[in-house]
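What follows is one structure encoded as structure tokens, with my remarks underneath.
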Amino acid sequence: MQAPRPHAKTSRMSPPLGPAVDATPRPIPARVPIRGKYAVLEPLHVRHVPELWRAAQGADDSWAYLGCGPFASQDAMARYVADFATNFDYLPWAVRPVTTGEVSGWLALLDVQPKHASIELGSIWFSPRMQRTRAATEAMYLLLRHAADDLGYRRLVWKCNALNAPSKRAADRLGFTFE
């Protein structure tokens with residue numbers, strides 16, 4: 001622990017600041033495939049829509065806390081995915097569980113702040129068949145590990161609706177703490 005040091009303007013002691021951090025801006029994440037043991041992340045593309053559409057059938061409640069969906073048709077989902085996958089505010093990946101081989105959800109990195117080494121994991125939609133599976137947990141872990149270990153981001157952010165209990169449990173399971 002760093003000892004308090006005298007404040008430059010007064011005789012008061014300044015608060016402890018901790019060790020110096022590398023202030024070099026972090027790179028913008030590249031949308032490249034990421035392979036894990038239980039899940040493969042693929043840059044989201046409209047070619048994933050048929051599989052996503054099948055995964056979304058009968059899953060209207062899974063969209064409750066998102067700003068999109070459920071979609072009235074496969075075409076409506078395709079229009080959303082085409083925009084989402086090419087919007088510079090989001091870096092989305094489709095999630096393909098190894099056990100099924102079928103894309104069953106998506107997640108994204110967003111609010112990328114290279115100067116502050118801060119990045120958010122969000123816009124997560126997992127179909128009911130993928131929720132609470134090893135593939136779901138690993139998909140989130142893979143993106144967080146990529147941001148922290150590969151790219152050097154120091155602040156990993158998770159935001160969710162206060163009523164979204166499954167999202168809050170997932171954040172707890174991944175080691176996030178409430179701020």
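Every value quoted in this text rests on a predicted model; they were computed, and no experiment measured them.
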Derivation of the side-chain contact (heavy atoms from CB on, under 4.5 Å) call for Glu120 and Leu109
CA-CA 6 Å; Glu120 179 181 343; Leu109 291 173; over 6 Å; no
Checking side-chain contact (heavy atoms from CB on, under 4.5 Å) for the pair Leu41/Leu107: CA distance, chi angles, key distance, verdict?
-> CA-CA 9 Å; Leu41 306 183; Leu107 71 172; 4.1 Å; yes
Applying side chain to side chain donor-acceptor pair (under 3.5 Å), run through Ser73 and Asp75 and close with a yes or a no.
CA-CA 5 Å; Ser73 67; Asp75 286 341; 5.2 Å; no
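Glu138 places a side-chain N or O within 3.5 Å of a backbone atom of Ala39 that can act as its donor or acceptor partner. A side-chain donor-acceptor contact under 3.5 Å links Tyr65 to the backbone of Leu163. Put simply, the side chain of Arg132 never gets that close to the backbone of Met130: no donor and acceptor are under 3.5 Å apart. When atom types are taken as modelled, the side chain of His48 and the backbone of His45 share a donor-acceptor pair closer than 3.5 angstrom. The backbone N or O of Ala59 sits less than 3.5 Å from a side-chain atom of Ser62, completing a donor-acceptor pair. With Trp93 contributing its side chain and Val32 its backbone, the two residues share a donor-acceptor pair below 3.5 Å. A donor-acceptor pair under 3.5 Å links the side-chain atoms of Arg31 to the main chain of Pro92, judged by distance alone. No donor-acceptor pair closer than 3.5 Å links the side chain of Arg155 to the backbone N or O of Ala117.
Remark: aromatic rings of Trp63 and Phe71 are close, center separation under 6.0 Å. When ring centroids are compared, Trp106 and Phe126 stay outside the 6.0 Å threshold.
Residues Val49 and Val40 fall into different hydrophobic clusters, defined by Ile, Leu, Val, Met, Phe, Trp and Tyr side chains chained together at heavy-atom separations under 4.5 Å. By the criterion of side-chain heavy atoms lying less than 4.5 angstrom apart, applied directly or through intervening Ile, Leu, Val, Met, Phe, Trp or Tyr residues, Leu144 is grouped together with Leu151 in one hydrophobic cluster. Grouping the Ile, Leu, Val, Met, Phe, Trp and Tyr side chains by contacts below 4.5 angstrom, directly or via other members, places Leu66 with Tyr90.
To the nearest 0.5 Å, the span separating CG on Leu142 from NZ on Lys37 amounts to 12.5 Å. Interatomic distance, CZ of Phe84 versus SG of Cys68, reported as 7.0 Å (0.5 Å rounding). Taking CE of Met140 as the start and CD1 of Ile124 as the end, the distance is 6.0 Å to the nearest 0.5 Å. For the atom pair Leu121 CG and Cys160 SG, the distance stands at 11.0 Å (nearest 0.5 Å). The CG atom of Asn87 lies 10.0 Å from the CG atom of Leu110; values are rounded to the nearest 0.5 Å. Separation of atoms CD (Glu102) and OG (Ser127) is listed at 9.0 Å; rounding is to 0.5 Å.
For Arg154, the CZ atom counts as densely surrounded, since its 6.0 Å shell holds more than 12 non-hydrogen atoms of other residues, nucleotides or ligands. For CG of Asp61, the number of neighbouring non-hydrogen atoms (other residues, nucleotides, ligands) closer than 6.0 Å is 12 at most.
A pairwise comparison of heavy atoms in Val46 and Ala78 identifies CG1-O, 3.8 Å as the closest pair. The minimum heavy-atom distance between Glu51 and Gly101, with the atom names listed, is OE2-O, 3.8 Å. Nearest heavy atoms, Leu143 versus Ala108: CD1-C, 4.4 Å. Nearest heavy atoms, Val103 versus Ala94: CG1-CB, 3.8 Å. Closest non-hydrogen pair, Ser118 versus Val157, comes out as OG-CG2, 3.9 Å.
Proximity of Arg79 to Asp83: side-chain heavy atoms (C-beta onward) are nowhere separated by under 4.5 Å. Contact check for Pro43 versus Pro33: side-chain heavy atoms found under the 4.5 Å cut-off. Ile28 places a side-chain heavy atom less than 4.5 Å from the side chain of Pro114. You'll find the side chain of Ile119 stays beyond 4.5 Å of the side chain of Asp111, heavy atoms only. Within the 4.5 Å cutoff, side-chain heavy atoms of Thr24 are placed close to those of Arg26. For the pair Leu52 and Leu44, the minimum side-chain heavy-atom distance is below 4.5 Å.
The ring pair (Phe, Tyr, Trp, His ring centres under 6.0 Å) analysis of residues 133-167, with sequence neighbours excluded, yields the pairs Trp158-Phe176.
Looking at Arg47 and Glu42, no side-chain N of the basic residue comes within less than 4.0 Å of a carboxylate O on the acidic one, giving no salt bridge.
Between Arg96 and Ser104, the side chains place no donor N or O within less than 3.5 Å of an acceptor N or O (distance only, hydrogens not considered).
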